[in-house]
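In listed order, ligands and their atoms are each counted from 1.
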Amino acid sequence: MPSSLALYIHWPFCLAKCPYCDFNSHVREEIDQERFASALTQELQHEAERLNADGKRILTSIFFGGGTPSLMLPPTVATLIEQACQLFALKDTPEITLEANPTSVERHKFREFRQAGINRISLGVQSLREEALRALGRQHSVTQAREALELARELFPRLSFDLIYARPDQSIRDWQNELREALTLAADHLSLYQLTIEPGTAFEALHRQGKITLPSDDLAAELYHLTEEEAASFGLYSYEVSNYARPGCESRHNLAYWHYENYLGIGPGAHSRLTLKGQHYATRRHRAPEPWAKLVETKGVGTKEETLLSRQEQTREMLLMGLRLKEGISLTRFAQKIGRPLADYMDQEILQACLDEQYLLLEEDHLCTTLEGRLRLELILARLVL
Ligand SMILES: C[S@@+](CC[C@H](N)C(=O)[O-])C[C@H]1O[C@@H](n2cnc3c(N)ncnc32)[C@H](O)[C@@H]1O
Ligand code: SF4
């Protein structure tokens, strides 16, 4: 019976829709803050009751994600934190992260977010170059991003920020300079994502029309290698495909996903993976904000779908998540969770080929990817798992 729990809270609204983004985010002229705050607390209460039926779970982290959760009212954040800490058991102080955008409106709320209990902030900086911010459709400037970073460093014990690289026309030298500037800003954690073209986004249409070109695979791989080297020279090691941290400053919340621990997601479109009475379930909430709120108001919970996962499905998910981590997957932990050895679920010929090509490594108790393997992870997993 797993007792730990990571809690994800989704705020589905943004000031504007960024042209590259396919997250569950929506723009509204006016947001009914009270309605959404109340639906979130109601859904949390509902889910906690069934989760705690066999004893209180231990809450290890809370993550306010989005959308743009820094558009929430600080008292809503405070209420949700207080409620979660009462509903679940606490061992150590949970890691409580808020994703924030660095516009000046949001920066002015940072102090109140800190008072509400946020102890880690993750800023969506995206770039330290003005023209890139414009091209990415961002609502903030480089100066605002720097101001937000400075204040965040003062107020919050832990700070991370996001950058998007491998952008159209970005040379190795350009990225090296930008990344070095970012690394001097003294965050303990960075999320560095290569730009991807997501279905249904404005960038996808531009890409199709040939108006946006991404770096070639070779250039993207070179940029990735460079990123790892530069981050390491500033003491941030790459612990996951796109995440870099000082040792001990890894995102505890995201590690719960990658370690395939139990997590509860509340809010529109949020996902959960929960073990209830020895069975493992995948739960997904209604994606559209207003229908989700309506569902919560009538049924107490906005669940769209809940499915029981077979051991095969759990294996696939565990590999997909675990192999993103540099440390890889512990064979012992896998066998404890699934009840059978990992080898039972893998095509042995493909596994051997991946080991020969040095995409995968078997090191004592761990199966892990090399840098080359991580660049091809999705392709490898599609063939490897039976
Ligand atoms: C939930 S999103 C955004 C959080 C926050 N609203 C913001 O915009 O900063 C988390 C991160 O995913 C990254 N991201 C989103 N879409 C992406 C894409 N198509 N390619 C690369 N990174 C992307 C961005 O760095 C973003 O900060
Ligand atoms: S990147 Fe962030 S701000 Fe932009 S649309 Fe997506 S969630 Fe909203």
Side-chain angles (χ1 to χ4, degrees), residues 8-28 31 63-72 77 97-107 109-110 113 118 120-129 132-142 144-146 148-149 152 159-168 170 175 178-179 182 187 189-208 212-215 220 223-224 227 240-244 251 253-254 257 265 267-271 287-289 324 375 378:
Y8 175 79
I9 300 176
H10 190 79
W11 186 258
F13 303 113
C14 294
L15 291 177
K17 185 79 188 174
C18 304
Y20 54 86
C21 174
D22 76 337
F23 282 80
N24 186 26
S25 63
H26 307 261
V27 179
R28 297 281 182 271
I31 301 165
F63 193 102
F64 290 88
T68 307
S70 47
L71 295 176
M72 290 170 90
V77 171
T97 306
L98 177 96
E99 270 180 357
N101 284 21
T103 69
S104 50
V105 183
E106 287 151 298
R107 179 161 51 90
K109 289 153 83 182
F110 282 6
F113 285 133
I118 299 295
R120 181 172 181 273
I121 195 149
S122 168
L123 274 177
V125 171
Q126 316 309 355
S127 172
L128 293 173
R129 296 288 176 267
L133 289 179
R134 297 286 81 78
L136 292 170
R138 300 295 291 178
Q139 302 294 303
H140 64 267
S141 63
V142 173
Q144 283 173 327
R146 287 183 177 277
L149 280 166
L159 165 70
S160 176
F161 64 93
D162 297 359
L163 293 176
I164 296 180
Y165 71 106
R167 303 187 301 256
Q170 191 177 35
W175 172 235
E178 189 178 348
L179 178 59
H189 186 284
L190 286 179
S191 299
L192 305 170
Y193 300 108
Q194 294 208 345
L195 178 65
T196 53
I197 301 294
E198 302 296 339
T201 59
F203 269 15
E204 188 206 20
L206 292 173
H207 189 248
R208 227 182 307 116
I212 290 186
T213 334
L214 289 188
L223 286 163
Y224 190 82
T227 304
E240 191 265 355
V241 177
S242 309
N243 284 280
Y244 302 78
S251 158
H253 184 83
N254 286 338
Y257 299 148
H271 291 258
R287 254 178 94 83
R324 297 182 64 89
L375 290 169
E378 308 247 336

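- If you look at Thr68 next to ligand 2, the close heavy atoms, those under 4.0 Å, all belong to the side chain.
- A side-chain donor-acceptor contact under 3.5 Å links Asn24 to the backbone of Pro268.
- In Thr196, the parts holding a heavy atom less than 4.0 Å from any atom of ligand 1 are both the side chain and the backbone.
- At the top of the distance list for atom 5 (C) of ligand 1, counting protein heavy atoms only, stands Asn101 OD1, 3.1 Å.
- With Lys109 contributing its side chain and Ser70 its backbone, the two residues share a donor-acceptor pair below 3.5 Å.
- Contacts between Ser25 and ligand 2 below 4.0 angstrom, taking non-hydrogen atoms only, involve the side chain exclusively.
- The distance from atom 6 (Fe) of ligand 2 to the nearest N/O/S atom of Cys21 is under 2.8 Å.
- Closest protein heavy atom to atom 15 (C) of ligand 1: Phe23 CE1, 3.4 Å.
- Counting atoms of ligand 2 from 1 in the listed order, those under 4.0 Å from a heavy atom of Gly67 are 7 (S).
- Heavy atoms of Gly137 come nearer than 4.0 angstrom to ligand 2 in no pair at all.
- Of all protein heavy atoms, the one lying nearest to atom 21 (C) of ligand 1 is Gln194 O, 3.4 Å.
- In terms of protein heavy-atom proximity, atom 22 (N) of ligand 1 is closest to Tyr193 CB, 3.5 Å.
- Checking Leu195, Leu163, Asp162 against atom 11 (C) of ligand 1, the nearest heavy atom belongs to Asp162.
- With hydrogens and angles disregarded, no donor-acceptor distance shorter than 3.5 Å links the side chain of Tyr20 to the backbone of Gly137.
- In this structure, Phe63 and Tyr8 have parallel ring planes: the angle between them is below the 30° cut-off, well short of the 60° mark.
- A distance-only check finds a donor-acceptor pair linking the side chain of Ser251 to the backbone of Asn254 [under 3.5 Å].
- Counting only heavy atoms of the protein, atom 8 (O) of ligand 1 lies nearest to Arg138 NH1, 2.9 Å.
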- Task: Step by step, work out the side-chain contact (heavy atoms from CB on, under 4.5 Å) result for Gln194 and Thr227.
- Result: CA-CA 10 Å; Gln194 294 208 345; Thr227 304; 5.9 Å; no
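- The closest approach between Gly65 and ligand 1 stays at or above 4.0 Å for every heavy atom of the residue.
- With hydrogens and angles disregarded, a donor-acceptor distance shorter than 3.5 Å links the side chain of His140 to the backbone of Val125.
- Around atom 2 (Fe) of ligand 2, the closest heavy atom drawn from Arg138, His140, Gln139 belongs to Arg138.
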- Determine, step by step, whether Arg138 and Asn101 satisfy the side-chain contact (heavy atoms from CB on, under 4.5 Å) criterion, reporting the C-alpha distance in whole Å, the side-chain angles of both residues, the deciding distance to 0.1 Å, and the verdict. CA-CA 9 Å; Arg138 300 295 291 178; Asn101 284 21; 3.6 Å; yes
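- In terms of polar-atom proximity, Glu99 is not counted as a contact of ligand 1, lacking any N or O under 3.5 Å from an N or O of the ligand.
- Scanning the protein heavy atoms around atom 23 (C) of ligand 1, the nearest turns out to be Ile164 CD1, 3.9 Å.
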- Message: Please evaluate residues Ser122 and Asp162 with respect to the criterion side-chain contact (heavy atoms from CB on, under 4.5 Å), reporting the C-alpha separation (whole Å), side-chain torsions for both, the decisive distance (0.1 Å), and the verdict.
- Response: CA-CA 7 Å; Ser122 168; Asp162 297 359; 3.8 Å; yes
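- In the vicinity of Gly67, heavy-atom distances shorter than 4.0 Å reach the ligand 1 atoms 4 (C), 5 (C), 6 (N).
- In the candidate list Phe13, Phe23, Tyr20, Tyr20 is nearest to atom 1 (S) of ligand 2, counting heavy atoms.
- Listed for the Glu204 side chain is no donor-acceptor partner under 3.5 Å among the backbone atoms of Pro199.
- For Gln126, every heavy-atom contact with ligand 1 shorter than 4.0 Å involves the side chain, none the backbone.
- Counted by atom type alone, Thr196 and Glu198 present one or more donor-acceptor pairs between their side chains at under 3.5 Å.
- For atom 16 (N) of ligand 1, the closest heavy atom belonging to the protein is Tyr20 CD1, 3.4 Å.
- Across every non-hydrogen atom of Asn243 and Ser191, the tightest pair is OD1-OG, 2.6 Å.
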